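I have placed the structure first, in the form of structure tokens, so that the comments after it can refer back to it.
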Amino acid sequence: MIETAPAVLVTFNAVFRRLRDAAWSDPTVESAEELSQAVTSCRRVLKAIADRVYPPTTQESATGNKLDDQRYRNRIREFIKSVSQSKPMGDVYQKMVEGLYDRFVALDGLANKGVHASVALNDAELCAIQTYIMAGELLRLARRPLETDS
């Protein structure tokens, strides 16, 4: 059973503080730095989740993808593959797991935007909310893969 992820919780607290600071700031003051920090922290959460559910390794995947520390997307893909192959799932659950990697990549791309460009408050809020949901889904799958009666 996977342990809780206290470092992720601390990072989420930082994300939501930054979003609050940006939302409550004086409209004449630029809040791009707070938003960039919030979105960058979301990216750190995604990597921390990948580290938790599929730690880095020097081995490669069956398809030859590296699974080292920097390639956390590859590790998420391997984790999702292992979950979906380890237990029989109903069609609905199978589709949810299949789409998880695509959602992870899209969310990571949005989080990466905060590193390189200014981000609007709505984008930063969407990134934070979706990161929270994604973290919960991945941690739940790591704890207990989905099972059905079918």
Side-chain angles (χ1 to χ4, degrees), residues 1-59 61 65-87 89 92-147:
M1 181 177 234
I2 194 162
E3 299 172 13
T4 58
V8 170
L9 182 59
V10 169
T11 305
F12 269 126
N13 287 334
V15 168
F16 289 111
R17 274 195 309 274
R18 286 297 177 204
L19 289 174
R20 182 195 63 215
D21 292 347
W24 291 358
S25 67
D26 180 341
T28 62
V29 176
E30 181 65 39
S31 61
E33 185 61 27
E34 285 89 356
L35 295 174
S36 177
Q37 289 173 1
V39 173
T40 300
S41 292
C42 287
R43 190 160 199 246
R44 288 187 188 116
V45 166
L46 294 173
K47 183 178 180 307
I49 295 298
D51 292 347
R52 175 67 72 169
V53 301
Y54 201 106
T57 180
T58 56
Q59 297 177 349
S61 71
N65 292 319
K66 292 186 179 186
L67 302 171
D68 58 13
D69 186 59
Q70 293 178 341
R71 287 159 184 103
Y72 60 95
R73 284 185 183 181
N74 289 351
R75 291 187 282 123
I76 287 293
R77 179 185 306 133
E78 291 304 309
F79 167 71
I80 292 169
K81 273 201 276 188
S82 72
V83 168
S84 64
Q85 293 171 358
S86 68
K87 297 281 183 183
M89 297 184 194
V92 172
Y93 291 123
Q94 185 67 38
K95 292 299 178 193
M96 287 172 54
V97 171
E98 287 173 4
L100 198 54
Y101 177 73
D102 292 335
R103 287 180 25 233
F104 183 90
V105 170
L107 184 56
D108 189 51
L110 179 58
N112 194 36
K113 180 180 176 186
V115 176
H116 302 292
S118 63
V119 179
L121 179 59
N122 289 341
D123 289 342
E125 289 173 337
L126 176 67
C127 185
I129 291 166
Q130 291 301 317
T131 300
Y132 187 82
I133 292 168
M134 178 72 59
E137 287 179 280
L138 290 169
L139 289 171
R140 182 191 178 284
L141 285 172
R143 218 177 46 244
R144 189 180 73 241
L146 296 170
E147 298 179 36

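Keep in mind that what you see is a predicted model, and the values were worked out from it rather than measured. The residues of the chain are indexed from 1 along the displayed sequence.
The CD atom of Gln59 sits 13.5 Å away from the CG atom of Asn65 when rounded to the nearest 0.5 Å. The structure places CG of Leu46 at 11.0 Å from OG1 of Thr11, a figure rounded to the nearest 0.5 Å. Atom SG of Cys127 sits about 11.0 Å away from atom CG of Leu35, to the nearest 0.5 Å. For the atom pair NZ of Lys66 and OG1 of Thr57, the computed distance is 12.5 Å after rounding to the nearest 0.5 Å. One distance of note links OH of Tyr101 with CG of Asn74; it measures 6.0 Å at 0.5 Å rounding. Atom SG of Cys42 is separated from atom CZ of Phe12 by 6.5 Å, given to the nearest 0.5 angstrom.
Under a 4.0 Å N-O distance rule, the pair Lys81/Glu78 qualifies as a salt bridge. With respect to the salt-bridge test (charged N to carboxylate O, under 4.0 angstrom), the residues Glu34 and Arg17 do not qualify. We find that Asp69 and Lys47 are joined by a salt bridge, their nearest charged nitrogen and carboxylate oxygen being less than 4.0 Å apart.
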Derivation of the side-chain contact (heavy atoms from CB on, under 4.5 Å) call for Arg43 and Thr131:
CA-CA 8 Å; Arg43 190 160 199 246; Thr131 300; over 6 Å; no
Salt bridge (charged side-chain N to carboxylate O under 4.0 Å, His left out) between Arg18 and Glu33, intermediate numbers included:
CA-CA 9 Å; Arg18 286 297 177 204; Glu33 185 61 27; over 6 Å; no
Walk me through it: do Arg75 and Asp51 pass the test side-chain contact (heavy atoms from CB on, under 4.5 Å)?
CA-CA 8 Å; Arg75 291 187 282 123; Asp51 292 347; 2.8 Å; yes
Please step through side-chain contact (heavy atoms from CB on, under 4.5 Å) for the pair Asn122 and Leu126, ending with a clear verdict.
CA-CA 6 Å; Asn122 289 341; Leu126 176 67; over 6 Å; no
side-chain contact (heavy atoms from CB on, under 4.5 Å) between Leu100 and Leu141: does it pass, once the steps are laid out?
CA-CA 11 Å; Leu100 198 54; Leu141 285 172; 3.5 Å; yes
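Here the shortest heavy-atom pairing between Leu67 and Ser61 reads CD1-N, 3.7 Å.
When each of Gln130, Glu137, Met134 is checked for a side chain to side chain contact (heavy atoms under 4.5 Å, CB included) with Phe104, only Met134 meets the rule. The only option from Arg71, Arg44, Arg73 that meets the salt bridge (charged side-chain N to carboxylate O under 4.0 Å, His left out) definition with Asp108 turns out to be Arg73.
In this structure, the side chains of Val53 and Ile76 come closer than 4.5 Å at one or more pairs of heavy atoms. Proximity of Val45 to Tyr132: side-chain heavy atoms (C-beta onward) are nowhere separated by under 4.5 Å.
Residue pairs satisfying the salt bridge (Lys or Arg N to Asp or Glu O under 4.0 Å) criterion with at least one member in residues 119-132, sequence neighbours excluded, are listed as follows: Lys113-Asp123.
Residues Arg77 and Tyr72 have side chains that never bring a donor and an acceptor to within less than 3.5 angstrom of each other.
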